[in-house]
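Written below as structure tokens is the structure these notes are about.
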Amino acid sequence: MATHVIYKLGPFSLPKFAGERHVRVYLPTERSGAPLPVLYIFDGQNIFHDDPSMCGGWYLHHAAHDLHAIGKPAPVIVGIDHGGADRIHELSPFAWEDSRGEADHLIDWVTDELAPRIQREFTVRSDAPGTAIGGSSMGGLAALYAHFRRPDVFGAALCMSPSLWVADRQIYNKLGEFPRPTPSRIYVDAGAHEGDMLADAERLVSQLRSAGYGDDELMWRPDPYGAHSEHHWRKRAPEALEWLFTARADAEARDAA
């Protein structure tokens, strides 16, 4: 069996956005009996190989493959390509001088159109505890927002160097308007060489802690060497995947006991 096979779906035309895009899917195993957990992740061009990424890939499929190889839960990874010039619009939940704030449209497409197709064509879980949403930078902001906006679909969020600063940091107040998601697991990181992003992420973590998030529900990984690049997200990705999905599986096993 070949390893690291990535399926390329599409191109898709999305309502409200110009142009077309692909979706890239990686399965850590082709021989799964039970449905596997699934991670939907933004900026799909950057998630796997260096090509077609502009700045190098995350090689997230390697991290998932390695988890599966040692018998740990590993997700199917669904990389959603960004829309090029529309990226800043589709990943921002808020309108501001540089964005129309159309993340709701993209999230609706993922939940209403893409996720049902992935569930039909691949052996993945369809429940919120088995489904996560993720991204970095603007994608990290969009993932955090999507988790709170649609907790019925996304039970976890992977937020690497999230752009919490956009639209005068409206995200902090916005999260306070949502009920706390159930279930909820959130991974947050940021690097010391990313300007204000580390302080912004610390503020987010403090807000989540105040809302009752404990160590089983929130992982915070400040990186003293981290910069705002795929290279650094690639380095932190294996631990993020392991925590999101292994700890979730352990919790489900405890609940079933």
Side-chain angles (χ1 to χ4, degrees), residues 1-14 19-84 87 106 109-111 113-127 129-136 139-140 143 146 153-158 160 187 229-246 248-249:
M1 180 185 70
T3 59
H4 302 322
V5 174
I6 297 173
Y7 298 89
K8 190 174 182 181
L9 308 183
F12 296 94
S13 297
L14 276 61
E20 297 179 323
R21 74 193 65 203
H22 288 90
V23 170
R24 305 157 198 272
V25 182
Y26 173 74
L27 283 68
T29 175
E30 299 277 356
R31 299 177 179 175
S32 174
L36 295 172
V38 57
L39 169 64
Y40 295 89
I41 191 159
F42 298 116
D43 293 326
Q45 295 98 326
N46 301 339
I47 299 308
F48 301 114
H49 300 107
D50 292 336
D51 183 23
S53 170
M54 290 181 61
C55 304
W58 289 28
Y59 287 79
L60 200 58
H61 52 309
H62 288 197
H65 175 271
D66 291 346
L67 282 175
H68 176 72
I70 60 175
K72 293 189 174 183
V76 171
I77 299 169
V78 180
I80 304 161
D81 282 11
H82 63 71
R87 180 179 181 272
L106 179 59
W109 179 78
V110 174
T111 57
E113 302 292 334
L114 179 61
R117 175 168 175 178
I118 297 298
Q119 292 160 14
R120 289 193 304 268
E121 297 189 14
F122 301 94
T123 307
V124 301
R125 291 173 58 170
S126 59
D127 59 326
T131 307
I133 185 79
S136 65
V153 178
F154 308 116
L158 185 155
M160 289 187 162
Y187 170 93
S229 73
E230 279 74 15
H231 171 73
H232 291 275
W233 300 324
R234 181 194 311 169
K235 289 170 59 178
R236 300 197 293 261
E239 182 185 23
L241 284 191
E242 182 172 2
W243 181 79
L244 277 176
F245 294 98
T246 297
R248 166 59 66 190

Donor-acceptor pair, distance only, cut-off 3.5 Å: does the side chain of [X] make one with the backbone of [Y]?
{"X": "Arg125", "Y": "Thr131", "result": "no"}
{"X": "Gln45", "Y": "His82", "result": "yes"}
{"X": "Arg21", "Y": "Asp81", "result": "yes"}

Original post:
Can you check side-chain contact (heavy atoms from CB on, under 4.5 Å) on Trp58 and Ile41, steps first, answer last?
Top reply: CA-CA 12 Å; Trp58 289 28; Ile41 191 159; 3.8 Å; yes
At their closest point, which heavy atom of [X] faces which heavy atom of [Y], and how far apart are they?
{"X": "Phe48", "Y": "Tyr26", "result": "CE2-CB, 3.8 Å"}
{"X": "Gly139", "Y": "Arg87", "result": "N-NH2, 4.2 Å"}
{"X": "Ala64", "Y": "Ala74", "result": "O-CB, 3.3 Å"}
{"X": "Pro28", "Y": "Pro75", "result": "CD-O, 3.4 Å"}
{"X": "Gly135", "Y": "Ala143", "result": "N-CB, 4.0 Å"}

**OP:** Go through the steps to decide whether Val78 and Val110 satisfy the test side-chain contact (heavy atoms from CB on, under 4.5 Å), and finish with yes or no.
**Re:** CA-CA 11 Å; Val78 180; Val110 174; over 6 Å; no
Enter the distance from [X]:[atom1] to [Y]:[atom2] here, rounded to the nearest 0.5 Å.
{"X": "Ile47", "Y": "Ile77", "atom1": "CD1", "atom2": "CD1", "answer": "8.5 Å"}
{"X": "Phe12", "Y": "Glu20", "atom1": "CZ", "atom2": "CD", "answer": "10.5 Å"}
{"X": "Phe42", "Y": "Leu106", "atom1": "CZ", "atom2": "CG", "answer": "5.0 Å"}
{"X": "His231", "Y": "Arg236", "atom1": "NE2", "atom2": "CZ", "answer": "10.0 Å"}
{"X": "Thr111", "Y": "Glu113", "atom1": "OG1", "atom2": "CD", "answer": "8.5 Å"}
{"X": "Ile80", "Y": "Trp109", "atom1": "CD1", "atom2": "CH2", "answer": "6.5 Å"}

**OP:** Only one of Leu60, Val76, Ile133 passes side-chain contact (heavy atoms from CB on, under 4.5 Å) with Leu39; say which it is.
**Re:**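 Testing each of Leu60, Val76, Ile133 against Leu39, the sole residue satisfying side-chain contact (heavy atoms from CB on, under 4.5 Å) is Leu60.
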**OP:** Using side-chain hydrogen bond (donor to acceptor under 3.5 Å, both in side chains) as the criterion, list what pairs up with Tyr40, not counting sequence neighbours.
**Re:** none
Subject >> Partner set under side-chain hydrogen bond (donor to acceptor under 3.5 Å, both in side chains) for Gln119, not counting sequence neighbours >> reply: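 Counting only residues at least two positions away or on another chain, Gln119 forms no side-chain hydrogen bond (donor to acceptor under 3.5 Å, both in side chains).
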**OP:** Determine, stepwise, if the pair Val5 / Leu27 fulfils side-chain contact (heavy atoms from CB on, under 4.5 Å).
**Re:** CA-CA 7 Å; Val5 174; Leu27 283 68; over 6 Å; no
Subject >> side-chain contact (heavy atoms from CB on, under 4.5 Å) between Leu158 and Leu241, intermediate numbers included >> reply: CA-CA 8 Å; Leu158 185 155; Leu241 284 191; 4.3 Å; yes
**OP:** Indicate yes or no: at least one non-hydrogen side-chain atom of His49 is less than 4.5 angstrom from one of Ile6.
**Re:**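 Touching, per the 4.5 Å side-chain cut-off.
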Original post:
What is the ring orientation for Tyr59 with His61, classed by angle as parallel under 30°, tilted 30 to 60°, or perpendicular over 60°?
Top reply: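 It falls in the parallel class, under 30°.
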